[in-house]
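Below: one structure, written as structure tokens.
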Amino acid sequence: MVGGRAGAHGFLLLAGAGSLAQPAEAGAWAIAEGVQQWFATVSRETGDFGEAWRADDFTEYGLGGGWAVNAKIESEIRIADFYDDRSGFRLGVMKSFALTDRAAFAVQASFIGGEAMDGPECTGEGYELRAALGTSFSLFGREGFVNTEAARRSRGNCDRDVVEVATGLEFATDWNLTLKAWEERGEESRSSKAEASVTRDFGVFSVGAGWREEISGEFDEKGWVLLARATF
């Protein structure tokens with residue numbers, strides 16, 4: 001991971017995507033004008049709901065001046081007493097504000113469509129509003145970050161509130177450790193998850209693997225996640 005805001009941003013985005021709650025994606029840092037970042041994750045989880053496979057494809061493009069646009073395609077297959085597959089998309093615009101050389105604040109507005117990953121009770125098109133606050137730091141010469149986010153997602157009669165915290169550290173040259181926790185709440189639903197992942201940088205490409213587990217106590221679900229990133 002490179003230093004400063006850009007490195008912290010790329011590091012955060014590689015963290016992945018959850019099966020129920022949605023983890024941090026945009027972060028608080030903006031990418032440079034003309035730069036594009038691509039992130040993909042594949043996860044498999046098992047638990048009370050049977051078996052779930054999920055894939056997420058996220059692309060972000062820097063417009064300059066702290067502005068960026070992004071798009072996400074997500075799909076999920078659940079295999080339990082019945083087979084359930086669904087896919088959806090999200091289109092967003094983000095504005096980042098530099099607070100210091102190491103800290104930033106961002107807001108994002110997104111349109112969401114297709115089938116909802118939140119569950120069969122969530123139907124129709126909708127929106128998501130998100131705010132993020134992050135800072136990067138240097139620890140014994142190694143770069144790291146802390147990022148917090150809060151979001152409100154609404155579609156049809158289905159509303160979700162999300163709170164997310166992520167921290168990461170380049171513990172060795174080109175090797176990164178990321179720890180995350182996030183919670184999603186609705187009228188009759190709650191999910192809290194924790195995730196740890198390790199990634200390896202190969203120039204403009206990064207690959208990694210992690211473990212994710214439900215910690216709310218509401219139900220049991222856990223599994224692995226594979227991650228990939230490219231910047232060009």
For this session: Could you give me the CA-CA distance, side-chain angles and deciding distance for Glu76 and Asp84, then say whether side-chain contact (heavy atoms from CB on, under 4.5 Å) is met?
Result: CA-CA 8 Å; Glu76 183 181 67; Asp84 182 24; 5.8 Å; no
Exercise. How far apart are the C-alpha atoms of Glu195 and Trp182, what are their side-chain angles, what is the distance that settles it, and do they pass the side-chain contact (heavy atoms from CB on, under 4.5 Å) test?
Worked result: CA-CA 9 Å; Glu195 180 181 298; Trp182 64 96; 3.6 Å; yes
For this session: Decide yes or no on side-chain contact (heavy atoms from CB on, under 4.5 Å) for Arg142 and Thr173, but give the supporting numbers first.
Result: CA-CA 9 Å; Arg142 297 293 183 180; Thr173 302; 3.4 Å; yes
Exercise. Can you check side chain to side chain donor-acceptor pair (under 3.5 Å) on Glu213 and Trp211, steps first, answer last?
Worked result: CA-CA 7 Å; Glu213 189 163 340; Trp211 180 262; 3.2 Å; yes
Problem set entry | Thr59/Gln36 under side chain to side chain donor-acceptor pair (under 3.5 Å): CA gap, chis, key distance, verdict | CA-CA 7 Å; Thr59 300; Gln36 183 173 350; 4.5 Å; no
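In this structure, Lys222 places its NZ atom where only 12 or fewer heavy-atom neighbours from other residues, nucleotides or ligands lie under 6.0 Å away. By the 6.0 Å contact criterion, CZ on Phe140 is open, its count of non-hydrogen atoms from other residues, nucleotides or ligands being 12 or less. Within 6.0 Å of CZ on Phe205 lie no more than 12 heavy atoms contributed by other residues, nucleotides or ligands.
The same ILVMFWY cluster, assembled from side-chain heavy atoms under 4.5 Å apart, contains both Val107 and Leu133. Under a hydrophobic-cluster definition in which Ile, Leu, Val, Met, Phe, Trp and Tyr are linked whenever side-chain heavy atoms come within less than 4.5 Å, directly or via other members, Leu91 and Ile73 are assigned to different clusters. Taken together through direct or relayed side-chain contacts under 4.5 Å among Ile, Leu, Val, Met, Phe, Trp and Tyr, Val69 and Ile31 form parts of separate hydrophobic clusters. When the side chains of ILVMFWY residues are joined at heavy-atom separations under 4.5 Å, either directly or via intervening members, Val146 and Leu139 end up in a single hydrophobic cluster.
Between the CD atom in Glu51 and the CD1 atom in Ile79 there is a gap of 4.5 Å [rounded to 0.5 Å]. A distance of 10.0 Å separates CZ in Phe219 from CZ in Arg190, rounded to the nearest 0.5 Å. One finds the CD atom of Glu183 at 12.5 Å from the CZ atom of Arg160 (value rounded to the nearest 0.5 Å). Expressed to the nearest 0.5 Å, how far CH2 of Trp224 lies from CD of Glu45 amounts to 10.0 Å. Thr135 OG1 to Trp29 CH2: the interatomic distance, rounded to the nearest 0.5 Å, is 6.5 Å. How far CZ of Arg54 is from OG1 of Thr41: 7.5 Å, rounded to the nearest 0.5 Å.
Two residues are said to be in side-chain contact when any heavy atoms from C-beta on lie closer than 4.5 Å; Glu125 and Phe111 meet this criterion. Residues Asp220 and Glu214 are not in side-chain contact: their nearest non-hydrogen atoms beyond the backbone lie 4.5 Å or more apart. Looking only at side-chain heavy atoms (C-beta outward), Asp174 and Phe202 stay at 4.5 Å or farther from each other. Side-chain contact between Gln37 and Val204: absent, with no pair of heavy atoms (C-beta onward) separated by less than 4.5 Å. Under the 4.5 Å side-chain criterion, counting only non-hydrogen atoms from C-beta, Lys72 is not in contact with Ile112. In this structure, Phe137 and Leu169 have side chains that are in contact, with non-hydrogen atoms separated by less than 4.5 Å. Looking at Lys180 and Ser197, their side chains never come closer than 4.5 Å, going by heavy atoms from C-beta outward. Between Asp201 and Asn176 the shortest side-chain heavy-atom distance falls below 4.5 Å.
With hydrogens and angles ignored, the 3.5 Å screen pairs no side-chain donor or acceptor of Ser138 with any backbone N or O of Glu143. Remark: side-chain polar atoms of Ser154 are not paired, donor with acceptor, to backbone N or O of Asp159 under 3.5 angstrom. With hydrogens and angles ignored, the 3.5 Å screen pairs no side-chain donor or acceptor of Glu115 with any backbone N or O of Gly88.
A side-chain donor from one of Thr231 and Arg229 sits under 3.5 Å from a side-chain acceptor of the other. For the residue pair Ser110 and Gln108, a side-chain donor N or O sits within less than 3.5 Å of a side-chain acceptor on the partner.
Closest non-hydrogen pair, Arg155 versus Gly113, comes out as NH2-C, 3.8 Å. Across Ala40 and Trp38, no two heavy atoms sit closer than the pair CB-CZ2, 3.3 Å. Closest approach of Leu227 and Ala209 over heavy atoms only: CD1-N, 3.5 Å. Minimum interatomic distance between Asn147 and Gly134 (heavy atoms only, all atoms of both residues): OD1-CA, 3.7 Å.
Between Glu221 and Lys193, at least one side-chain nitrogen of the basic residue sits less than 4.0 Å from a carboxylate oxygen of the acidic one, meeting the salt-bridge criterion.
Note on ring orientation: taking the six-membered ring where Trp is involved, the planes of Phe58 and Phe39 are tilted (angle from 30° to 60°).
Under the side chain to side chain contact (heavy atoms under 4.5 Å, CB included) test applied with Arg130, the options Arg152, Glu164, Met94 reduce to a single match, Glu164.
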